[in-house]
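Keep in mind that what you see is a predicted model, and the values were worked out from it rather than measured. Within every chain, numbering begins at 1; the chains are lettered A, B, ... in the order of the sequence lines, protein sequences first and strands thereafter.
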Amino acid sequence: MKISEIITGWYKKNRRSLPWRATRDPYRIWLSEVILQQTRISQGTAYYQAFVGRFPDINALAGASEQEVIKLWQGLGYYSRARNLHAAARQVVGDLDGMFPASRDELLNLKGIGPYTAAAIASIAYNEPVAAVDGNVARVISRLFAIDTPVNTPKGEKEISGMAETLLDRDDPGEHNQAMMEFGALQCVPVNPDCHGCPLNSLCRAFAEDRVAELPVKLKKAKIKKRYFTYMVISHQKHTYIERRTSDDIWKELYQFPLTEHDTLPKEEEIPGIVEARIGALPEMLFGGTPHELGKPRFSIYTHEQDRPQYSNEPHDQGKPRFSIHHISEPVKHQLTHQLITARFVHVEITEKGFRAPVGWERVPPEKVGEYPLPRLIDRYLEMEDGAPG
DNA sequence: TACACGTGGAT
DNA sequence: TATCCAAGTGT
């Protein structure tokens, strides 16, 4: 029996019943593939259901605002996928007269669709005989043929994809590709696979050579960088302020409380100065400080705990806004693939009546913050705050 | 080409 | 706790 037949036979018995396997609609298959990029099925399934429910076809997706799409994507990570998904929907509706690309080569022209996703859609939706190589397939092939070229290099990728094309069942490429991926996901798992119960063990070179555990070979990733954020949760006349992240950095197009970043973790007693630098440094014209207020506190700390640090009140500088710091959170850690973020949330009350937000800040009622797309770090903070106010 | 881009679960 | 990983793509 050929390898493809064995794996397909295994697949027919072991395949999971998944929502996107019940359709041939290219749009829904595309949606599922993008959601599942670098994402576990257990995490992505609910998002797929939500997207299909809210955007049942590509016209609905193209007609939505980017912000709404990102909001629905919130918590899934890799937000460029959401931006590209939305942009691609508009490409299809606007430039292609609503005709979804029907070949791998055409699919590759859409934002967010690369070699894997193009092959997956083309084979599953259109029966195009192209091999889809994802992490699962690469692992299966590297073990079957004991390929120890690092799979995350161009050379390794070519070797793997070459073998994938050779193995491909051209009569039923969609079924074949899904079988390969499912086999990798359930049988040929990364750690401690059940090789003795594997229908391919007699054909597997890695098994024969006892090298299963060392394959596939991957080049190690870049070192994790540490970043330190201070978020200012501002209270001003029953409103707070948020800003949109626009630079090419993490969380692009998501919202956050006004943020100052540091090279090292600031001590708690440094926080007032940090807030001062951000809020107090705004153009003094905007705050309407008046001379008769000289001598009043520029900022102050309120705390009911005796052993908390106390900060002396400094004389009020003319023209600077007055504010009070009500709470400084402990540092909160948030782990990303290449970054470890340590953040503090500082509750700042601006008591200056003439305060006007600078350009880029959006003035919103606190209860509306949750309607904006937020990084998990901030969303989680909001959840905590809801549970324990103050 | 090497690296950045999120999150949550497994080991 | 640290590390790796999961249906990759864009620059």
**Prompt:** If you look at every strand shown and take non-hydrogen atoms under 4.0 Å, does A:Leu76 touch a base, only sugar-phosphate, or nothing?
**Reply:** base

**Message:** Less than 6.0 angstrom separating the ring centers of A:Phe51 and A:Trp73, yes or no?
**Reply:** yes

**Request:** Mind checking salt bridge (Lys or Arg N to Asp or Glu O under 4.0 Å) for A:Arg344 and listing every partner two or more places apart, or none if nothing turns up?
**Result:** none

**Message:** Under a 3.5 Å cutoff, is there a donor and acceptor pairing between the side chains of A:Thr39 and A:Arg81?
**Reply:** yes

**Item:** Interface with DNA chain C, restricted to residues 9-29 of chain A and to heavy atoms under 4.0 Å
**Value:** A:Leu18, A:Trp20, A:Arg21

**Asked** What's the CG-C1' distance between A:Leu336 and C:dC4, to the nearest Å?
**Response** 15 Å

**Message:** Nearest whole Å is fine: how far is C:dC5 C1' from A:Lys218 NZ?
**Reply:** 7 Å

Exercise answer: donor-acceptor pairs, residues 97-115 of chain A side-chain atoms, under 3.5 Å, sequence neighbours excluded:
from	atom 1	to	atom 2	distance (Å)
A:Ser103	OG	A:Glu106	N	3.3
A:Ser103	OG	A:Glu106	OE1	3.1

**Item:** C:dA6 versus B:dT1 - spacing of their P atoms, nearest Å
**Value:** 24 Å

**Asked** Do A:His327 and A:His347 have ring centres separated by under 6.0 Å?
**Response** yes

**Request:** Apply the side chain to side chain donor-acceptor pair (under 3.5 Å) test between A:Arg227 and each candidate in A:Asp249, A:Thr342, A:Asp263; give the one that qualifies.
**Result:** A:Asp249

For nucleotides 8-11 of chain B, list the nitrogen or oxygen atoms of the protein found under 3.5 Å from its nitrogen or oxygen atoms, one pair per line.
from	atom 1	to	atom 2	distance (Å)
B:dG8	OP1	A:Arg376	NE	2.5
B:dG8	OP2	A:Arg380	NH2	2.9
B:dG8	N2	A:Arg40	NH1	2.3

**Prompt:** How does the hydrophobic cluster around A:Val217 look, that is, which other residues are in it when side-chain heavy atoms under 4.5 Å mark a link?
**Reply:** A:Leu215

**Length of the NZ-C1' vector between A:Lys252 and B:dC5, whole Å** = 12 Å

**Prompt:** With A:Glu371, which residues qualify under salt bridge (Lys or Arg N to Asp or Glu O under 4.0 Å), at least two apart?
**Reply:** A:Lys368

**Whole angstrom value for the distance that separates C1' of C:dC5 from CD1 of A:Ile41** = 14 Å

**Request:** Name all pairs fulfilling the side-chain hydrogen bond (donor to acceptor under 3.5 Å, both in side chains) condition that reach into residues 140-152 of chain A, sequence neighbours left out, sorted by first residue then second.
**Result:** A:Asp148-A:Arg211, A:Thr149-A:Glu159

**Whole-angstrom distance between B:dG6 and C:dA2, as gauged at atom P** = 23 Å

**Request:** Find the distance A:Leu340:CG to B:dT7:P and express it as a whole number of Å.
**Result:** 13 Å

**Request:** Taking only the side-chain nitrogens and oxygens of A:Gln38, find out if one of them lies under 4.0 Å from OP1 or OP2 of C:dA6.
**Result:** no

**For A:Glu165, salt bridge (Lys or Arg N to Asp or Glu O under 4.0 Å) partners two or more places apart** = none

**Message:** Please determine whether a side-chain nitrogen or oxygen atom of A:Tyr79 lies at a distance below 4.0 Å from atom OP1 or OP2 of B:dT7.
**Reply:** yes

Pick out the pairs of N or O atoms, protein on one side and nucleotides 9-11 of chain C on the other, that lie under 3.5 Å.
from	atom 1	to	atom 2	distance (Å)
C:dT9	OP1	A:Gly114	N	2.6
C:dT9	OP1	A:Gly114	O	3.2
C:dT9	OP1	A:Thr117	N	3.1
C:dT9	OP1	A:Thr117	OG1	2.9
C:dT9	OP2	A:Pro115	N	3.4
C:dT9	OP2	A:Tyr116	N	3.3
C:dG10	OP1	A:Gly112	N	2.3

With a cut-off of 3.5 Å and sequence neighbours excluded, list every side-chain donor-acceptor pair involving residues 182-199 of chain A.
from	atom 1	to	atom 2	distance (Å)
A:Glu182	OE1	A:Arg16	NE	3.4
A:Glu182	OE1	A:Arg16	NH2	2.7
A:Glu182	OE1	A:Arg21	NH2	3.1
A:Glu182	OE2	A:Arg16	N	2.9
A:Glu182	OE2	A:Arg16	NE	2.9
A:Glu182	OE2	A:Arg21	NH1	3.1
A:Gln187	NE2	A:Asp194	O	3.0
A:Asp194	OD1	A:Gly197	N	3.2

**Fill in**
Rounded to whole Å, the CD-P distance (A:Glu383 to B:dT7) equals 12 Å

**Asked** Just how far, in rounded Å, is P of C:dG8 from CG of A:Leu85?
**Response** 16 Å

**Request:** Return the value, rounded to whole Å, for the distance between atom CD1 of A:Ile224 and atom P of B:dT7.
**Result:** 14 Å

**Prompt:** Below 4.0 angstrom, N of the basic side chain to O of the carboxylate: do A:Glu362 and A:Arg244 qualify?
**Reply:** no

**Request:** Ignoring hydrogens and angles, state whether a donor on the side chain of A:Gln37 or A:Tyr116 is under 3.5 Å from an acceptor on the partner side chain.
**Result:** no

For nucleotides 1-4 of chain B, give me every protein contact, N/O to N/O, under 3.5 Å, one pair per line with atom names.
from	atom 1	to	atom 2	distance (Å)
B:dA4	OP1	A:Lys225	NZ	3.1

What donor-acceptor contacts under 3.5 angstrom involve side-chain atoms of residues 60-70 of chain A, with partners at least two apart or in another chain?
from	atom 1	to	atom 2	distance (Å)
A:Ser65	OG	A:Glu68	N	3.1
A:Gln67	OE1	A:Tyr255	OH	3.3
A:Glu68	OE1	A:Arg54	NH2	3.0
A:Glu68	OE2	A:Arg54	NE	2.5
A:Glu68	OE2	A:Arg54	NH2	3.0

